[in-house]
There are 2 protein chains.
Amino acid sequence: MFNDILEAAACIIERDGLGGVSTNAVAETAGVSIGSLYQYFPNQIAILAELTRRERELLRGGISGVALKREDASLDHAVEDMIKAAVVHQLARPRLARELDFAEASLDLIPKTELMGDDIISSVAAMLRRHAYPRADEAAQDLVSMAKGMIDAAGLAGETDAAALSARVRRAALGYLRY
Amino acid sequence: MFNDILEAAACIIERDGLGGVSTNAVAETAGVSIGSLYQYFPNQIAILAELTRRERELLRGGISGVALKREDASLDHAVEDMIKAAVVHQLARPRLARELDFAEASLDLIPKTELMGDDIISSVAAMLRRHAYPRADEAAQDLVSMAKGMIDAAGLAGETDAAALSARVRRAALGYLRY
DNA sequence: GTCTATACGCGGATAGAC
DNA sequence: GTCTATCCGCGTATAGAC
């Protein structure tokens with residue numbers, strides 16, 4: 001039920017964007033009444049916040065999983081693996097990912113202490129530091145934002161070839177790090 | 001008057017994001033009544049569309065101006081100059097740029113034939129082709145999206161040093177092209 | 001716990017006076 | 001051409017029956 005509501009919101013976002021997310025639409029899509037919806041979530045924002053939290057957790061898990069599995073990997077391989085994880089995740093539901101990113105940044109309704117984006121950047125920064133890369137925090141922000149930009153645009157354009165896209169993001173990322 | 005309304009909308013977006021843009025708020029901020037507003041714009045969308053068109057025109061002008069002025073420049077220099085133009089433009093009003101980008105992509109309310117984003121990508125692609133760079137269209141999309149991603153994130157984080165940011169975007173772009 | 005019905009406010013848009 | 005006043009629909013949220 002709880003999950004049905006979240007998935008309904010996700011589907012609406014994929015079809016109509018954030019603007020289509022009304023409590024009525026979510027309830028109807030989820031197959032429950034508006035009254036029931038409010039027994040699971042105190043308000044509309046809470047739905048978006050929880051959805052964002054879950055999606056971000058998936059991405060964060062994939063990325064830090066890669067980082068932990070191969071602590072001995074070279075910097076290039078670590079970056080490559082992280083990019084692959086990000087591409088696969090983001091291409092799975094491109095519009096959803098894009099709209100939620102925007103929601104998080106614009107409607108700052110997710111507790112600031114728990115900012116998800118920072119979490120992922122921190123993982124990347126930690127990886128860079130492990131390889132003694134200078135200015136790790138700055139570089140991590142740049143890597144994440146360039147990758148996000150490229151992947152969002154590719155998803156919006158309808159690209160589906162994760163391998164090809166990963167390779168291109170890799171060129172930008174490794175080029176940035178080496179230059 | 002026309003311009004007052006557009007500037008009012010821009011200010012509201014900078015302060016409250018797209019969600020704060022109501023016709024009432026725009027009219028009040030512009031110092032006109034709601035009735036007068038509707039003599040200049042047929043509806044709310046038209047305001048956002050025209051604002052987007054103007055902002056995009058500024059960026060497009062800066063970028064293609066650079067491209068035309070120095071047709072003899074090397075690929076690296078051409079890319080560098082375009083990046084500088086983009087960074088300067090986007091850092092001038094970071095949140096406005098970011099929100100309008102999202103509005104254009106999500107609320108597809110700007111005539112599809114006149115898609116502004118494609119226009120800029122085409123300029124970049126033409127420049128790449130002039131230098132015989134392979135897969136120019138794909139590369140142009142990647143360059144624009146990685147730059148947009150990095151600049152948006154930097155603007156959101158409050159960065160203001162255009163030179164430093166340009167240098168970092170340049171690393172990613174040239175790294176991508178050379179790799 | 002789930003429903004229906006409804007109160008309430010806000011925002012888009014128009015009418016019509018001046 | 002600019003204003004005020006207003007209509008109308010939509011969306012949030014709650015009340016209260018079952």
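Order of the sequence lines sets the chain letters (A, B, ...), proteins ahead of strands, with each chain counted from 1.
Taking the side chain as every heavy atom from C-beta outward, A:Ile121 and A:Leu143 never approach each other to under 4.5 Å. Side-chain contact between B:Tyr38 and B:Thr23 is present, with heavy atoms from C-beta onward closer than 4.5 Å.
Scanning residues 32-44 of chain A for heavy-atom distances under 4.0 Å to DNA chain C yields A:Val32, A:Ser33, A:Ile34, A:Gly35, A:Ser36, A:Gln39, A:Tyr40. Using a 4.0 Å cut-off on heavy atoms, the residues of residues 23-30 of chain B that approach DNA chain C are B:Thr23, B:Asn24, listed by number.
Under the 3.5 Å distance criterion, the side-chain polar atoms of A:Ser106 are left unmatched by any main-chain donor or acceptor of A:Phe102. Using modelled atom types, one side-chain atom of A:Ser64 and one backbone atom of A:Arg60 make a donor-acceptor pair closer than 3.5 Å. Within the 3.5 Å criterion, the main-chain N or O of A:Gly17 finds no donor-acceptor partner in the side chain of A:Glu99. Without hydrogens or angle criteria, B:Ser36 side chain to B:Val32 main chain gives no donor-acceptor distance under 3.5 Å.
We find that CD1 of A:Ile12 is positioned 11 Å from P of D:dG11, with the value rounded to whole Å. B:Phe2 has its CZ atom 16 Å from the C1' atom of D:dG1, to the nearest Å. Summarising the geometry, the separation between CG on A:Leu48 and C1' on D:dT12 is reported as 14 Å, rounded to the nearest angstrom. Computed from coordinates, the A:Met1 CE to C:dT2 P distance equals 6 Å when rounded to whole Å. Between A:Ile47 atom CD1 and D:dG11 atom C1' the separation is 13 Å, expressed in whole Å.
A pairwise comparison of heavy atoms in A:Glu14 and A:Arg95 identifies O-CD, 3.4 Å as the closest pair. When all heavy atoms of A:Tyr176 and A:Ala139 are compared, the pair lying nearest together is OH-CA, 3.7 Å.
For the helix from C:dG1-D:dC18 to C:dC18-D:dG1, the end axes, each set by the C1' atoms of five terminal pairs, are bent relative to each other by 10° (nearest 10°).
Ion pairing between B:Glu57 and B:Arg54 fails under the 4.0 Å rule for side-chain N and carboxylate O. Contact check on A:Asp76 versus A:Arg170 returns no salt bridge, with no Lys/Arg side-chain nitrogen under 4.0 Å from an Asp/Glu carboxylate oxygen.
Few gaps surround CD on A:Glu159; more than 12 heavy atoms of other groups in view lie less than 6.0 Å from it.
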